[in-house]
*Asks:* 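Handing you this structure, nothing more for now.
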Amino acid sequence: MGFLDGLMGNASQVDVDKIERELEGILIEGENIQNGYKVLRDSFIFTDRRLLLIDKQGMTGKKVEYHSIPYKSITHFSVETAGSFDLDSELKIWISGTNEPIGKLFKKDSPIEEVQQTLATYVL
């Protein structure tokens with residue numbers, strides 16, 4: 001997957017070494033990135049301690065929101081795969097203490113099953 005997949009909203013796996021350098025000021029001592037996926041400018045980063053949702057905002061992407069979710073706070077999650085007429089897949093994550101889930105859309109050919117498997121590995 002490459003640049004065109006990113007434009008189409010397809011998820012691609014991140015380079016762990018590169019993302020570790022980018023998150024140097026965010027990760028705590030001893031925390032290690034296990035896996036990660038990027039959709040356009042947003043990223044799902046799985047560490048050995050938490051899920052980081054990275055939302056780059058604005059035209060330049062210099063404004064960044066880091067949403068840190070400890071795995072123990074995830075009460076449940078769901079994946080809705082794309083169908084014949086519905087071209088998007090959706091991942092929803094419910095956090096304890098909230099009523100509404102965090103939702104992220106993926107395009108039809110994105111590896112949403114891989115994201116779900118990785119999430120299940122750390123949550124279950």
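Not measured: the values here are computed from a predicted model.
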*Asks:* I want to check something: taking the side chain as every heavy atom from C-beta on, are Phe77 and Gln116 in contact at a cut-off of under 4.5 Å?
*Replies:*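 They are in side-chain contact.
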*Asks:* Ser73: which residues meet the side chain to side chain donor-acceptor pair (under 3.5 Å) condition with it, sequence neighbours left out?
*Replies:*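 Side chain to side chain donor-acceptor pair (under 3.5 Å) list for Ser73, sorted by chain: empty.
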*Asks:* Knowing that exactly one of Ile102, Ile45, Ile93 qualifies, which makes a side chain to side chain contact (heavy atoms under 4.5 Å, CB included) with Leu51?
*Replies:* Ile93
*Asks:* Please find the pair of heavy atoms, one from Ser43 and one from Lys38, that lie closest to each other, and give the distance.
*Replies:*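 Looking at all heavy atoms of both residues, the shortest contact is OG-CG, 3.8 Å.
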*Asks:* Flag the pair Phe46 / Ile33 as yes when at least one side-chain heavy-atom distance between them is below 4.5 Å, and no otherwise.
*Replies:*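 No, too far: nothing below the 4.5 Å cut-off.
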*Asks:* With side chains defined as the heavy atoms from C-beta onward, is the minimum distance between Asp55 and Val64 less than 4.5 Å?
*Replies:* no
*Asks:* Under the ring pair (Phe, Tyr, Trp, His ring centres under 6.0 Å) rule, collect the residues that match up with His76, sequence neighbours excluded.
*Replies:*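 His76: ring pair (Phe, Tyr, Trp, His ring centres under 6.0 Å) contacts with Trp94.
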*Asks:* CG/Leu119 to OH/Tyr37 distance, rounded to the nearest 0.5 angstrom?
*Replies:* 10.5 Å
*Asks:* Test your reading of the model: is there a side-chain donor-acceptor pair from Asp48 to the backbone of Asn32, 3.5 Å cut-off?
*Replies:* yes
*Asks:* Going by ring pair (Phe, Tyr, Trp, His ring centres under 6.0 Å), name the residues that satisfy it together with Phe44, two or more places apart in sequence or in a different chain.
*Replies:* Phe106
*Asks:* Would you say that Ile95 contacts Ile69 through its side chain, given a criterion of any heavy-atom pair below 4.5 Å between the two side chains?
*Replies:* yes
*Asks:* Applying ring pair (Phe, Tyr, Trp, His ring centres under 6.0 Å), name anything that partners Tyr71, two or more places apart in sequence or on another chain.
*Replies:* Tyr122
*Asks:* State which residues pass side chain to side chain donor-acceptor pair (under 3.5 Å) with Gln117; sequence neighbours excluded, sorted by chain then number.
*Replies:* none
*Asks:* Can you tell me which residue pairs pass the salt bridge (charged side-chain N to carboxylate O under 4.0 Å, His left out) test with a partner in residues 20-33, sequence neighbours excluded?
*Replies:*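 The answer is Glu31-Arg50.
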*Asks:* Distance from Asp42 atom CG to Lys56 atom NZ, nearest 0.5 Å?
*Replies:* 9.5 Å
*Asks:* Thr47 and side chain to side chain contact (heavy atoms under 4.5 Å, CB included): which partner among Leu27, Ile28, Leu23?
*Replies:* Leu27
*Asks:* Tell me, do Glu90 and Thr81 make a side-chain contact under 4.5 Å, heavy atoms counted?
*Replies:*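 Side chain of Glu90 against side chain of Thr81, heavy atoms only: no contact under 4.5 Å found.
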*Asks:* Is there a side-chain contact between Gln57 and Glu65, using heavy atoms and a 4.5 Å cut-off?
*Replies:*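 Yes, at least one pair of side-chain atoms sits under 4.5 Å.
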